[in-house]
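See below for the structure under consideration.
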Protein chains: 2
Amino acid sequence: MVATNFKHRGHDHPAPISSAVVDDIVAQLARQGYRDTEPRRLVISAVAAQGRPFTAEDLCAALPCVGRATVYRGLRLLVETDQVCRVLLEDRELRYQLSHQGHHHHMLCAICGASADLIDCDVEDILRAAADRSGFRMSGHWLEVYGRCGECAD
Amino acid sequence: MVATNFKHRGHDHPAPISSAVVDDIVAQLARQGYRDTEPRRLVISAVAAQGRPFTAEDLCAALPCVGRATVYRGLRLLVETDQVCRVLLEDRELRYQLSHQGHHHHMLCAICGASADLIDCDVEDILRAAADRSGFRMSGHWLEVYGRCGECAD
DNA sequence: ACGCATACCGATAGACAGTATCAATTAAGC
DNA sequence: GCTTAATTGATACTGTCTATCGGTATGCGT
């Protein structure tokens, strides 16, 4: 194969990016009519490789061979299809992470950046009741909890 | 007085911006060592004049005679001194509003943009307990509730 | 296997919100 | 009034994300 100044695309049969997680997400996307492309697999793979909440720029840096616009588009698609959820830091920086099923909230460690799902936490009903008292009909909410994880606690 | 191409400053004695709210905030700032300047009073006055959560750009537009940087700085100062609180819309747009005393949350109407304080809502303890269960020590949180206010509920 | 329609890609330019810089100005205390 | 440090405003800049658009590759029907 001859080197070119163009990026690899499918025509030179690169090693397909594949793993249980990637295949699963690609299959879910396929079910909704989205194509199975190599750049998209690369994005999903990089997302799955992140150990903690990451920024879009983190992904771009981890994927120098994928266009920025493609990374952002891929990320947005994953958010829209609920494969990835968005997390907001105290300084309003937006991060992402693979979403576990169902609606839940995150606890973010201000020191190491780790996140943990907030389990057994039904603020929903309480908020709805309080909203009612204000004459509002609640349709959604955004909640982030900040603190220190066990390892960073003092 | 001769017209110049420079903006008015104190030297031509413009009508001082004053009202109960403005004077009160200016006094609080003075207590913390911040000067009483005309641009700052203008910003505070414009903030007080807003009927609902507003953006920094709203203020800039309402204050064409005050520099952008000054508006942003003034707003930040007001947030840091707890005179104004920040509110996050569902699309992550940042808005501001005069803060009423004490920690509380906001209910935002997705239709008309109105906001109401969420009263009798102690999510704090519940969150802290849930965080404990995840091994976290909670230090803060960010909560916004979205929905429809009474008037927009149809 | 082949061809077609169209989703998709990447490079780049641009929109946008907010910040840094810095000389000029002014508030506040003496 | 005078001094000095805080403040201002014009502007340039940063960083994040989106729009555009020519070209490409995927998935499907055949």
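In this text, all values refer to a predicted model and were calculated from it rather than measured experimentally. By convention in this document, chain letters (A, B, ...) are assigned in the order of the sequence lines, proteins followed by strands, and residues within each chain are numbered from 1.
Looking at B:His103 and B:His105, their side chains come closer than 4.5 Å, going by heavy atoms from C-beta outward.
One can find a donor-acceptor pair under 3.5 Å joining the base of D:dG9 and the side-chain atoms of B:Arg73.
For A:Arg40 and D:dG27, the CZ to P distance is 10 Å, given to the nearest whole Å. Atom pair A:Gln32:CD and C:dA7:P shows a separation of 15 Å (rounding to whole Å applied). Atoms CG (A:Leu77) and P (C:dA7) sit 14 Å apart, rounded to a whole Å. Between B:Leu75 atom CG and C:dT19 atom P the separation is 10 Å, expressed in whole Å. The CG-P distance, from B:Leu63 to D:dA10, rounds to 13 Å in whole Å. Between the P atom of C:dC9 and the CG atom of A:Leu42 lies a distance of 10 Å, rounded to the nearest Å.
Residues meeting the side-chain hydrogen bond (donor to acceptor under 3.5 Å, both in side chains) test with A:Glu57, sequence neighbours left out: A:Arg68, A:Tyr72. Taking the side-chain hydrogen bond (donor to acceptor under 3.5 Å, both in side chains) definition, one finds that A:Ser19 meets it with nothing, sequence neighbours left out.
The two residues B:Met107 and A:Ala131 have their closest heavy-atom pair at SD-CB, 3.5 Å. Nearest approach of A:Val47 to A:Leu75, heavy atoms of both residues: CG2-CD1, 4.2 Å.
Along DNA chain C, the nucleotide nearest to B:Arg35 and the one nearest to A:Tyr34 differ in position, and the one closer to the 5' end is contacted by A:Tyr34.
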Using nucleotides 12-18 of chain D, report all nitrogen or oxygen pairs with the protein that are shorter than 3.5 Å.
residue, atom, partner, partner atom, Å
D:dC17, OP2, A:Tyr72, OH, 3.1

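Side chain of A:Pro39, nearest nucleotide from D:dG9, C:dC9, D:dT8: C:dC9. The listed nucleotides are D:dG9, C:dG10, C:dA27; the one nearest the side chain of B:Thr37 is C:dA27.
Between the side chain of B:Thr81 and the backbone N or O of B:Leu77, at least one donor-acceptor pair lies under 3.5 Å.
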